[in-house]
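Convention: sequence-line order gives letters A, B, ...; per-chain numbering from 1. These values consider heavy atoms only, across backbone and side chains, with no hydrogens, waters or symmetry-generated copies.
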Number of protein chains: 2
Amino acid sequence: MKILVVEDEPKLASFVKKGLEEQSHEVDVAFDGQIGRTMALSNNYDVIVLDVNVPKMNGFDIALSLRSEHIKTPILMLTAMGSLDNKVAGFEAGADDYLVKPFEFRELLARLRALSKRSIDTSSPSSLLKVADLELDLNEKIARRDGKRIELTAKEFALLEYLMRNRGRVVSRVDIAEKVWDIHFDTGTNVIDVYVNFLRKKIDKDFPVKLIHTVIGMGYMLKEE
Amino acid sequence: MKILVVEDEPKLASFVKKGLEEQSHEVDVAFDGQIGRTMALSNNYDVIVLDVNVPKMNGFDIALSLRSEHIKTPILMLTAMGSLDNKVAGFEAGADDYLVKPFEFRELLARLRALSKRSIDTSSPSSLLKVADLELDLNEKIARRDGKRIELTAKEFALLEYLMRNRGRVVSRVDIAEKVWDIHFDTGTNVIDVYVNFLRKKIDKDFPVKLIHTVIGMGYMLKEE
DNA sequence: TTACGGTTATGAAAATCCTGGTAGTGGAAG
DNA sequence: CTTCCACTACCAGGATTTTCATAACCGTAA
């Protein structure tokens, strides 16, 4: 697999690169954060190894930047011993795993393998989601159906994105509450039903084929009939 | 989210359970490996926290067993300090992450959140349960028999899921009452028989082979005759 | 073979829940 | 100040769940 390593310590970077190449992986190395970020945006890596402390842009900001650009590549962050606050901050910035320096190469390898096994849907360009004749443009933050432009509010967009990323799968209100609204317990709100109604008005009402389906007692699903 | 913790140290298990429930997660605990494995097979967890050393079946064997049954639930393994061989063995058995004891609860929480964010591969077999020519699609929340689509209500679906996950095993009404209806004492209701009847009408009536079997005085079992 | 007690199956109705849709409100942004 | 977004509250209709009564079935004893 294709791995980006963002690490400014030359000896460590070299050691990791060499070890991974010996396992037949293709490795790019960036020695500062800005170059690392640019490389991550411009290339299709299977996984990114990202030190927290690199010059010019730290690991958290890189992770945040990548995630805000909808780059879903798994990120394994490296940090020095004892930085729990760093770890938590890293996870919150979008990292998927953490490894504390110094580490054994075998553990790094095992974790990278575990990360890459959890496959990300890379079948669509990261900037466009499609279901039937509906498209969600992640760059312009709009939808299009049958070529027609549809303006969405931020919450409408987030909900539609979630439904489209889970196309063909019933997602419960609890799922939606957690992932779109960051609500983790039953607040008794009907806001999800309200917003599904808003989306229906914008993307289903004027079209013959309804894409948003209710599964009574379970949730909603987006699919072509 | 729904979390299974397989951990035999009562104090640690209690500490983790309490902490996660305070974050509005739903937590089940198993104190030995065999119970843990059975619970993992019979329920739909979002993530599993699995100690390496538990009685009756160790963490590696449990992970191997779940993965061989196509259970893709993310697994975070717990191990004692310094066991690199254990970590590598755990990743090879199918674990997705590792945490070394002792650990800070905040790190556990952050790692669990990172794991569950990695969306489930919906094309995986674990989204489909099969018994003979009956299929239960966990994504679309429908059944299919001999290719024919069968719509189920939420309760019907939950009951069928429970029966299918326990295929070949007689499950008592008490089991079903607890797991599907969350009833923990004898209410004198026959609603379970009513619903078994509903399922029979939908999935057995029009087909030559009856899959739902009554074991008089004991309960019900789903199996090919 | 028949009768009986216990268990399960089943139909209908009542009770409850769920959802679609809309109106109104508060707060933030322009 | 106005507009828009996000959310709450509510109602009606439909769907689901549960209850209840009764029929049917099963196993065992006489």
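- Contact check for A/Leu160 versus A/Leu134: side-chain heavy atoms found under the 4.5 Å cut-off.
- What separates CD1 of B/Ile192 from P of D/dT19 is a distance of 11 Å, to the nearest Å.
- For B/Arg67 and B/Thr73, the side-chain atoms include no donor-acceptor pair closer than 3.5 Å.
- In this structure, CG of B/Asp193 is placed 18 Å from P of D/dA23, rounded to the nearest angstrom.
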Using a cut-off of under 3.5 Å, enumerate the N/O to N/O pairs linking the protein to nucleotides 6-9 of chain D.
{"from": "D/dA6", "atom 1": "OP1", "to": "A/Lys155", "atom 2": "N", "distance (Å)": "3.4"}
{"from": "D/dA6", "atom 1": "OP2", "to": "A/Thr153", "atom 2": "OG1", "distance (Å)": "2.5"}
{"from": "D/dA6", "atom 1": "OP2", "to": "A/Tyr195", "atom 2": "OH", "distance (Å)": "3.3"}
{"from": "D/dA6", "atom 1": "O5'", "to": "A/Tyr195", "atom 2": "OH", "distance (Å)": "3.3"}
{"from": "D/dC7", "atom 1": "OP2", "to": "A/Trp181", "atom 2": "NE1", "distance (Å)": "2.7"}
{"from": "D/dT8", "atom 1": "OP2", "to": "A/Thr189", "atom 2": "OG1", "distance (Å)": "2.3"}
{"from": "D/dA9", "atom 1": "N7", "to": "A/Asn190", "atom 2": "ND2", "distance (Å)": "3.4"}
{"from": "D/dA9", "atom 1": "N6", "to": "A/Asn190", "atom 2": "ND2", "distance (Å)": "3.1"}

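- In this model, the phosphate group of C/dC18 is not approached by any side-chain N or O of A/Arg173 to a distance below 4.0 Å at OP1 or OP2.
- The distance between atom CG of B/Leu199 and atom C1' of D/dT17, rounded to the nearest whole Å, is 14 Å.
- When only modelled atom types and interatomic distance are considered, A/Asn166 and A/Arg169 share a side-chain donor-acceptor pair under 3.5 Å.
- With respect to A/Arg111 and B/Asp97, a salt bridge is recorded, a charged nitrogen being found less than 4.0 Å from a carboxylate O.
- Between the side chains of A/Arg173 and A/Tyr220, at least one donor N or O sits under 3.5 Å from an acceptor N or O.
- Counting to the nearest Å, the C1' atom of C/dT8 and the CD1 atom of B/Ile212 are 14 Å from each other.
- If you look at B/Trp181 and B/Tyr195, their ring centroids are closer than 6.0 Å.
- Taking atom CE on A/Met218 and atom P on D/dA15, their separation rounds to 15 Å, with Å as the unit.
- An OP1 or OP2 oxygen of C/dG21 is reached within less than 4.0 angstrom by no side-chain nitrogen or oxygen of A/Lys201.
- In this structure, CD1 of A/Ile216 is placed 6 Å from P of D/dA15, rounded to the nearest angstrom.
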